[in-house]
Amino acid sequence: MKKYLGLSLGILAAVGGFLDMGDIVTNAAIGARYGLGLAWVVLLGVIGICAYAEMSGRIVAVAGRPVYDLVRERLGPRAALLNLIASLLVTILTLAAQIGGVAVVIELASGVPHVVWVAPVAIGLWIVMWRVKFEKIEQVLGLAGLAVAVFAVSIWWLDPDWSALAGQAAGITPPAGEPVPTYFYYAITLFAAAMTPYEVFFLSSGGVEERWSAKDLRMQRATALIGFPVGGLLALSIAAAAAVVMLPLGMDAQSLGQVVLPVGLAFGMAGMIVVLFGFFAVLVGAAFETAMSCGYMLSQYFGWPWGKRLPPKRAARFHAVVAGSVLIALLIVQTGVDPVMVTEVALVGAAVALPLTYLPVLIVANDRQYLGDHVNGRFSNAVGLVMMVVVLVAAIAAIPLMITTGMGA
Amino acid sequence: MVEFPSTGYAASTAVGRTGVRGMGAQARAMIRRFAAALAAVLALSPAACSSWAASTGTAEDRITATAHTQVQTALLVAEAGLEDPPAPAVTLTVVLDEARSELVTAREDLARLPGDHGGLMTLLVEATTLIGLTQSAVEDGDRFALRSAKRSAEELATALEGRSELL
């Protein structure tokens, strides 16, 4: 019974943990512009993250070491250094976007400008990371993040034209009159939002923190293969809500305030309270994951003692990197830059960095020296290779499309 | 005190020490090259974004689209304020503040454009006024004023749609 409870908690936490600022912003913007016309990208992203999360979890459970550690050992310090620099830059930007997002959510609840909340949010985040146990943070924030499901309920309540929504979701080409480059720019940011690199670093390092072993293979597999797809559905519900309310008006969704309006239309006061609570939990959870990921990456590369379980005396550099990352992110957002803009830049960066993150995972997952009989089977390799091709195309096209479309303007 | 499994933490430490020794001048040169390339991309991208964006109409079209979005936002805010119970006034006020800020930027951008844009500027001023009226109605919980704001938003949105092929 306890085992099943643990599994349920893990899956629910993965559902809530799938979402972050990138998923929220891109799904709302795309829903307002294309309806569910890019639902196929979310599906592709979910397949990709499931495949690589399963590989990463298997690597941790069998080898007992996090993916980044093995990547460095397997590929050597030079190749891993490129991976480290790209991933660290993107993850710090992603962390800044989450902190900015939390501050904006508090602004929406209080009316006090978000720049006032940035420092308290960063300090609060650091205190939580310092004082609260790893599992507790994951479970509480993951479960609270399920409140975002209010978007799905809102769609039902607003009584949309379901056949029109289904028609949009069935399309895989740009709608008439929409520039093709802009369509693919949004497709890439949506894909990058689903496969953000920090998710793999956090998952694999968190697996070591939670001491996964070969006995936990089924549980970690179920967590990834059920939790992420359901999380993807939550992300799609944000797009669908924007499609129902904003697409017919011909407007864009450019801010978190606009994103929550469909819920306000459906459920007034109660809906707004629930959605702001859900966003708060989801974004604090993502901020925790990204900040910890910065510490994991750097510590594992340089071979420093690392882990939230280790007291600061024993892992001083790890804890210093985590705190330093939060400080850098705070300084970025405190300049007054729009957190949505930071999110968009982070997503383009993430798209470029995707191959550097996922190719090594695929290589290590095929290495019998580390995984023995638990190396990738034909199916895992087929899915992994197809997704790698998609990842490469996204990485190559991201910056040219960002430039030619003016960030999807 | 909780210890890590030896296969994890200890191996990580050993690998790290070997790797740090392995990092020499070549690795440092690679970091410098990567940083320089990244800096070049970051420096070029914003400039390029504003000048090569050929896929979404003229500057006036984009300003019109921005104004249209803010007017429709006011419409949705008015509808949310008419819910029973209404959406929180504080949240709706923040949304309208952002809309007003976007409109102010749009007016500044339009003023910098060469040529005569008097018609659009008038609509932008009307949109800003609409945002103010909607905000007052939300704060006062005045349902009559909210309905009036909603009607005004619909008319203004229609007027803006007539000015741009993007809408």
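Both backbone and side-chain heavy atoms feed into the values below; hydrogens, waters and symmetry mates do not. So that the names make sense, note that chain A is the first sequence line, chain B the second, and so on, each numbered from 1.
B:Thr69 places no side-chain N or O within donor-acceptor distance of the main-chain N or O of A:Met251, the cut-off being under 3.5 Å.
Around CZ of A:Phe277, the count of heavy atoms belonging to other residues, nucleotides or ligands within 6.0 Å does not exceed 12. Annotation: A:Phe280, atom CZ; neighbour count of heavy atoms from other residues, nucleotides and ligands within 6.0 Å does not exceed 12.
Interface residue A:Ser110: only backbone heavy atoms are found under 4.5 Å from chain B. For chain A, the nearby part of B:Glu98 is the side chain; its heavy atoms alone come within less than 4.5 Å. When heavy atoms are compared at a cutoff of 4.5 Å, A:Glu178 does not approach chain B at all. At a 4.5 Å heavy-atom cutoff, A:Ala270 makes no contact with chain B through either its backbone or its side chain. The contact between A:Leu249 and chain B is made by backbone and side chain atoms together, counting heavy-atom distances below 4.5 Å. For A:Leu276, the part sitting under 4.5 Å from any heavy atom of chain B is the side chain, from C-beta outward, and nothing else.
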Exercise. Where do B:Val95 and A:Leu108 land on the side-chain contact (heavy atoms from CB on, under 4.5 Å) test, with the steps shown first?
Worked result: CA-CA 8 Å; B:Val95 176; A:Leu108 286 167; 4.1 Å; yes

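For a heavy-atom cut-off of 4.5 Å, chain A lies close to B:Glu83, B:Pro85, B:Pro86, B:Ala87, B:Pro88, B:Val90, B:Thr91, B:Leu92, B:Val94 in residues 82-94 of chain B.
A donor atom on one side chain and an acceptor atom on the other are not found under 3.5 Å apart for A:Gln258 and B:Gln72.
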